[in-house]
Structure formats: C-alpha cells, structure tokens
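Everything below concerns the one structure shown next.
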Amino acid sequence: MALIVQKFGGDALGDKGKGREADQSDLSGASLIVEKFRRVAQVVKRSRDEGHSVVAVLSAMGDTTNRLLRMAGALNPDSPARELDALMATGEMQSIALFAIALHQVGVPAMSFTGVQVGIRTDELFGRSRIREVNCDRLRTAIANGQVPIVAGFQGVSDNGDITTLGRGGSDISAVAVAAALHADACEFYKDVDGIFSTDPRIVPSALKIDRISYDEMLELASLGAGVLHSRSVEFAKNYGVPLHVRSFLHDEPGTYVIPEDKSMENVVVSGVVPKTTEARLTLEELPDVPGTAAKVFTGLADADISVDMIIQEEARGGRNSISFTVEKKDYGKALEISKAVVAELGGGQVTGDDTVAKVSAVGVGMKSHAGVAAKMFKALADANINIDMISTSEIKISVLIKEADAKRAVEVIHQAFEQEMIDAKAQAAAHRDMAEAGA
Ligand code: ASP
Ligand code: MG
C-alpha cells in the first residue's frame, strides 16, 4: 500500500484538446466536464480500490486560466499582479470543488483544499512565487480519516495572507511539492499522452515511448520545452527524490517513470531528440580581441534581463574576433539594439542576426560513457545536407543550431541514427526488470 499524489491537468479536466473550450456556462460544456471529471474520478477510485492512499492535485479546467486572463486584460491591460493572482487562483478552486463532488458521487470520500487551506506558503512574488513550505497537517488528518484530499495546484499563500500563484503551468510544481512534503511513494501525472516519447510522434511516427528516464535527462527535455512537465517540478523532484510517473488518464498502462539515474540507463545513448524553434541568432563581428569584450557584450544583455543560450567565440585573426549567440525570439529585437550599441562603443564591425533558426538537441545519459555520439549526430546531418551554424554540448546533451526550415528533417535523421540503439536498450532494460522481478 502506497501513498500516491495524482496530478490532473487542464487537459484531463477540460475540453481543450477537442478545440472547444469547456465552459460551465453552456450545457454542452457542462456535460463534457461531467464526462471528464467522471473519468478522472475513476482513476482515483481505482487506486483506492487497490488499497492505496491518494492525494489529488488539480489545475484549472482546459483553457480557464487563459480565459480569466483575457477578461482581466480586457478590463485593464495593467491589472495589478496581486489581483491577477487572486483571479487566476479561482480556476483551480472550481476544479477541486467539482472533483470532490464527483468523487463523492462514486463513493469516495474527498475534501477539497485551496492553497491557503493547506498552508502552501510562498514568497510574495505575485505571478511567479516560489514555494517555501507545505503544511501537511490537514492533508495527513484527511488521509488518516480515509478521505482523499484534493489540493488546488498553482496557488499558495504569502506571509501576508495573500493568494499567490507559481507561474504558468505551475500546478506540476505544487504536485511535486505536496508529494515531497508528505514523503509520498510517487507523484503521478495524468496526461492525454501515453508518456514521454523519444521525439515528437507527429514528426517521427516511430518515436518510442520511454519507459524510464533520469531526472537529469528529463530536466534537459523539460527546459527544451519538450518534457511535458514543468522544469521546476522536475528539479524539485530530483532534489527531494520524488519518483515521478507520467501516464495517460485514458488507460491503465504504465507510462514513463522519471527516477534517479541507474546503471541500465547508461545503455541509452540518446533518449530524446528535441527541436526548439523559439531562439534567434546574433553575430557580432570584428570585436577587439582584448580582455573584457565578452563581459561587456553579455553584461549589456543581462542588464536588460535577456538570457543567452548558445555562445561561440571565433578564434582571433588580426586582433579581432567575432562572437555569436542565441536568445529567445521575443528578445531578438532588443538584443540587436543592445548589441549594436555595445559594438559601436567597442569599435567593432557589423552586427548580423537571423531569427529563422532552430536548435535541435539530442539528450541522453549514455553520452557520458559512449564515445562518438556527436560524430554520429553530425554525420546524420551531413548526409542529409543540413548545415550546422553553431554547436553546444553539456555532459548529457548535444545541440546544433541550423536553419529553421531544416528542423523537421534534422529531427528525423538524428532520431533515425539512434533509433536502433534506443530499441535495443529499451528491450534490454525491460528484460532486466523481468528477470529481477522473477528473482524477487
Ligand atoms: N492553471 C494554471 C495555468 O494554466 C496552472 C497549470 O495549469 O498548471 O498556467
Ligand atoms: Mg493549465
């Protein structure tokens, strides 16, 4: 018997997926919500019938948070942050009460809790608060009484007693924080996908479902925007050792476990291939090759709150060199402006840029122990006649910057280059687990 935190997101509770917004004000919306909540209630009921204790963490239904923000924006484009948090938090409050009602209907005693009621204490940075502490008293009492506590995700309370929110998509963080505080055995994320895939199955139909993945790989995937989970929730899980399980609410098959790295994972050279098309490149030419040049360039950007991702400095020729880097597309215009000013000040050459680039990354813990991964990846790109603009690496990631138009093809050929190894490693790990189970 285990204590399991189960997180249900907007897609499990609303109708976003079908291109219609679940809205309790219209009857067809209401019946769709009934259908969704009943299905999710069955998930909780099933775990309870198996003898587990469950704590549910919910986000707002479907597109609710966006709808609330649109209303506020229409009233006042400069809405005070405190009031926006108070408003957004109502989305999750609707979910938890409705879900408690749905659970009672199927004979599961349940009790809803807002962030304030639980005591999810945060700092006071409205719209991007960080959790400091989760008070477990009321949750523990409810569990001891045989009830399912249902916690509103995404929200907390500041020392002043004000309602705060954790940043968009933040209910993942709430779920892991609650799981960590309760020392839960697992934190399950119920999604409309079967788990984490080796790449986007819409790009590569043969993409593999990953059975088990390390926190570090998942963090890389999440920060590339492909991990399905909020990256801060993965960080939290890693720090507190909370095992995560990303799975489907449509069936009972296991999904992807996110767990500490183990030996068997080393066989997986590449577990995921991810395109990212939200970055732009800038190149500052003919900068003086003297100490302080790079510092000057990047201080200017940092002061404007622009974060830089990939960086390359070319070897100096004739006392001059060039620096290229990428920033988020939304910061491109501002970064150009700042760079031009800095280059003028330093007496450099031109500033050029390109916002039609893509970063394609391969992620895998096996890179640490296997040689030739980069070579294989670059060869796959070369064979497909795809030119590489920039390269960056970390211990478990290789990224290339290429033309945006080549992104899809690059993902295909890189995935193909490593696909057989992925299949073999997956089969081997499954065989190992079977053997371990048989031996146990
Ligand atoms: N409802 C919030 C949002 O849409 C939190 C979440 O979904 O995790 O950002
Ligand atoms: Mg949401």
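Below, all heavy atoms of this structure are taken into account, side chains as well, without hydrogens, waters or symmetry copies. All ligand and atom numbering here is 1-based and tracks the order in the structure.
Interface atoms of ligand 1 facing S59, defined by a heavy-atom separation under 4.0 Å, are 6 (C), 7 (O), 8 (O). Taking every heavy atom of S171 and a limit of under 4.0 angstrom, the matching atoms of ligand 1 come to 5 (C), 6 (C), 7 (O), 8 (O). Interface atoms of ligand 1 facing R168, defined by a heavy-atom separation under 4.0 Å, are 3 (C), 4 (O), 9 (O).
Heavy-atom contacts from other residues, nucleotides or ligands closer than 6.0 Å to NZ of K368 number more than 12.
Within the 4.0 Å heavy-atom cutoff, G170 counts among the residues contacting ligand 1. Within the structure, ligand 1 has G169 among the residues with a heavy atom less than 4.0 angstrom away. Ligand 1 does not have M88 within reach: every non-hydrogen atom of the residue lies 4.0 Å or more from it.
With ring centers used as reference points, F298 lies under 6.0 Å from F325.
Cation-pi geometry between K191 and F249 is not satisfied (NZ or CZ under 6.0 Å from the ring centre, within 45° of the ring normal).
Residue pairs meeting the side-chain hydrogen bond (donor to acceptor under 3.5 Å, both in side chains) criterion with at least one member in residues 120-131, sequence neighbours excluded: T122-T164, D123-S129, E124-S158, E124-N160. Residue pairs that meet the ring-ring contact (aromatic ring centres under 6.0 Å, His included) test with at least one member in residues 48-76, sequence neighbours left out, do not exist here.
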Practice item. Tell me, with the steps shown, if V360 and V274 meet side chain to side chain contact (heavy atoms under 4.5 Å, CB included). Key: CA-CA 6 Å; V360 177; V274 190; over 6 Å; no

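Every N/O-N/O distance between D172 and ligand 1 stays at or above 3.5 Å.
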